[in-house]
**Student:** 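Quick one: the structure is below, and I'll ask about it shortly.
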Amino acid sequence: MKDTLRVLHMYPNMLDLYGDSGNMELLSYRLKMRGYGFIRDQYTIGDGEKTDFSSYDLIYLGGGADFEQQLLADDLNSCKDKLLHAYKSGVFLLMICGGYQLMGQYYKDSNGQKIPGLGLFDYYTVASTDKRKRCIGNIVIETEIEGEKYKVIGFENHGGMTDNVSTPFGKVIFGNGNKFGSETEGYTEKNVIATYLHGPLLSKNPVLADHILSYCLSRKQGSAVSLEPLDDGLENRCRSVMLKRLLQTKK
Ligand code: GLN
């Protein structure tokens, strides 16, 4: 019997922009196609006491509007110690946009209100109070996955500009990234990917999805797991169209 991955999807009813929940469907699909199981538990405000964060293989937060980020910040902060423990013990953290911002030091939103972050990482984010000043559009970044360069395609829409990023997720080749005209995008560590890329991220970037799955399964089994390839022909044809369209009309 093959393993079952357990994922904690935090605030799915509040943090879910541009199909972000689709990332969970992608993980589920890619596991099931290979005979692995997938369980997604949903975390909502007030669940902190009863939740054993460290028992999960992956913790996921999608993107959200300033309003929702403000609403859930206190609850998220009440889980700080448990989330820190999960992160330190190697649970994979995947965070998109609004979720990315909240794991840093703080997010000063477009109303000038400072939302305290969890402080797991050193970066911080500030939005202009001119609500029209947002990074919006398709984006392509280049990152490295298991020693190979890989282009990650997505869609960004954020007012927050993130600074003090020590280990970015990728180098921007089209679009904005961590702030207007930035050379870097997102934040990463061995068991962390925090990114502004919606898409959903994992449907457009199957190699990235498998990288995350391999990490989680290898950690669970205590030895390297190599996943059998899936037929990503359609995904790869879509990627070629997008890359051609975006990189030939370069910024
Ligand atoms: N509200 C945040 C911002 O505007 C995050 C937006 C998002 O998750 N797309 O920067």
Side-chain angles (χ1 to χ4, degrees), residues 8-26 42-45 59-77 83 93-141 152-165 168-170 172 174-188 192-205 208:
L8 184 66
H9 186 174
M10 294 190 74
Y11 313 108
N13 54 343
M14 300 174 92
L15 298 180
D16 181 21
L17 290 179
Y18 320 113
D20 283 340
S21 288
N23 287 324
M24 297 297 94
E25 286 171 43
L26 255 294
Q42 305 193 33
Y43 175 100
T44 46
I45 285 183
I59 296 173
Y60 176 64
L61 289 90
D66 290 9
F67 179 69
E68 275 78 16
Q69 289 174 284
Q70 187 78 248
L71 282 183
L72 61 82
D74 282 350
D75 183 80
L76 183 64
N77 268 282
L83 275 164
L93 304 185
L94 176 63
M95 299 153 294
I96 312 291
C97 202
Y100 164 26
Q101 296 168 344
L102 291 175
M103 290 291 168
Q105 297 297 312
Y106 60 85
Y107 171 43
K108 198 165 170 207
D109 75 10
S110 60
N111 296 314
Q113 293 201 51
K114 201 165 173 180
I115 306 174
L118 217 58
L120 294 196
F121 313 112
D122 289 340
Y123 59 78
Y124 54 86
T125 304
V126 178
S128 167
T129 49
D130 177 348
K131 293 181 194 290
R132 289 163 306 182
K133 288 202 175 140
R134 301 183 65 80
C135 299
I136 304 176
N138 289 311
I139 172 164
V140 182
I141 65 171
V152 183
I153 306 172
F155 167 77
E156 59 180 336
N157 184 352
H158 53 105
M161 306 288 130
T162 302
D163 256 307
N164 204 32
V165 179
F169 174 44
V172 179
F174 182 90
N176 287 290
N178 280 331
K179 43 191 180 174
F180 278 114
S182 179
E183 288 184 357
T184 63
E185 202 289 315
Y187 176 84
T188 194
V192 178
I193 293 179
T195 175
Y196 275 113
L197 274 61
H198 305 276
L201 174 74
L202 301 179
S203 63
K204 292 183 172 171
N205 304 289
L208 183 62

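Order of appearance sets the numbers: ligands from 1, and atoms from 1 within every ligand.
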**Student:** Any atoms of ligand 1 less than 4.0 Å from a non-hydrogen atom of Arg134? List them with their elements.
**Tutor:** 3 (C), 4 (O)
**Student:** Measuring from the heavy atoms of Glu68, does anything fall under 4.0 Å of ligand 1?
**Tutor:** no
**Student:** What atoms in ligand 1 come closer than 4.0 Å to a heavy atom of Leu17?
**Tutor:**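 Within the 4.0 Å cut-off of Leu17, ligand 1 contributes 7 (C), 8 (O), 9 (N).
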**Student:** Does an N or O anywhere in Gly160 fall below 3.5 Å from an N or O of ligand 1?
**Tutor:**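 Checking ligand 1 against Gly160, an N or O pair does fall under 3.5 Å apart.
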**Student:** Counting heavy atoms not belonging to Asn111, are there more than 12 under 6.0 Å from its CG?
**Tutor:**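 Enclosed.
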**Student:** Is the count of non-hydrogen atoms from other residues, nucleotides or ligands lying under 6.0 Å from Glu183 atom CD greater than 12?
**Tutor:**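 12 or below, so no.
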**Student:** So how far is it from Asp122 CG to Asp163 CG, rounded to the nearest 0.5 Å?
**Tutor:**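 Atom-to-atom, Asp122:CG and Asp163:CG are 12.5 Å apart.
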**Student:** Please say which of Tyr123, Tyr124, Tyr196 ends up in a side-chain hydrogen bond (donor to acceptor under 3.5 Å, both in side chains) with Thr162.
**Tutor:** Tyr196
**Student:** With a 4.0 Å cut-off on heavy atoms, is Ala127 in contact with ligand 1?
**Tutor:**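 It does not; every heavy atom stays at 4.0 Å or beyond.
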**Student:** Only heavy atoms of Gln69, strictly under 4.0 Å: list the atoms of ligand 1 that pass.
**Tutor:**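 So the atoms of ligand 1 that pass are 1 (N), 2 (C), 5 (C).
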**Student:** Got an N/O contact under 3.5 Å between Gln101 and ligand 1?
**Tutor:** yes
**Student:** Is Tyr196 close to ligand 1, meaning an N/O of one under 3.5 Å from an N/O of the other?
**Tutor:**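 No - when backbone and side-chain N and O of Tyr196 are compared with those of ligand 1, no distance drops under 3.5 Å.
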**Student:** In terms of ring plane angle, is the pair Tyr18 and His198 parallel, tilted or perpendicular, where the classes change at 30° and 60°?
**Tutor:** perpendicular
**Student:** Quick one: nearest non-hydrogen protein atom to atom 7 (C) of ligand 1, plus distance?
**Tutor:**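 Going by distance alone, atom 7 (C) of ligand 1 is nearest to Cys97 SG, 2.7 Å.
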**Student:** Which of the numbered atoms in ligand 1 are below 4.0 angstrom from a heavy atom of Gly98?
**Tutor:**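 Answer, ordered by atom number: 5 (C), 7 (C), 8 (O).
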**Student:** Considering only heavy atoms of Asn157, which atoms of ligand 1 have at least one such atom less than 4.0 Å away?
**Tutor:** 6 (C), 7 (C), 9 (N)
**Student:** Quick one: pull up CD1 in Ile139 and CD1 in Ile141 and give me the separation to the nearest 0.5 Å.
**Tutor:** 6.5 Å
**Student:** Which option out of Gly63, Gly64, Gly159, Gly62 puts a heavy atom nearest to atom 6 (C) of ligand 1?
**Tutor:**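 Nearest option to atom 6 (C) of ligand 1, by heavy atoms: Gly64.
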**Student:** Should Asp66 be counted as touching ligand 1, given the test is an N or O pair under 3.5 Å?
**Tutor:**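 For ligand 1, there is an N or O atom that lies under 3.5 Å from one belonging to Asp66.
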**Student:** Could you say whether the N/O atoms of Ala65 and ligand 1 ever approach to under 3.5 Å?
**Tutor:** no
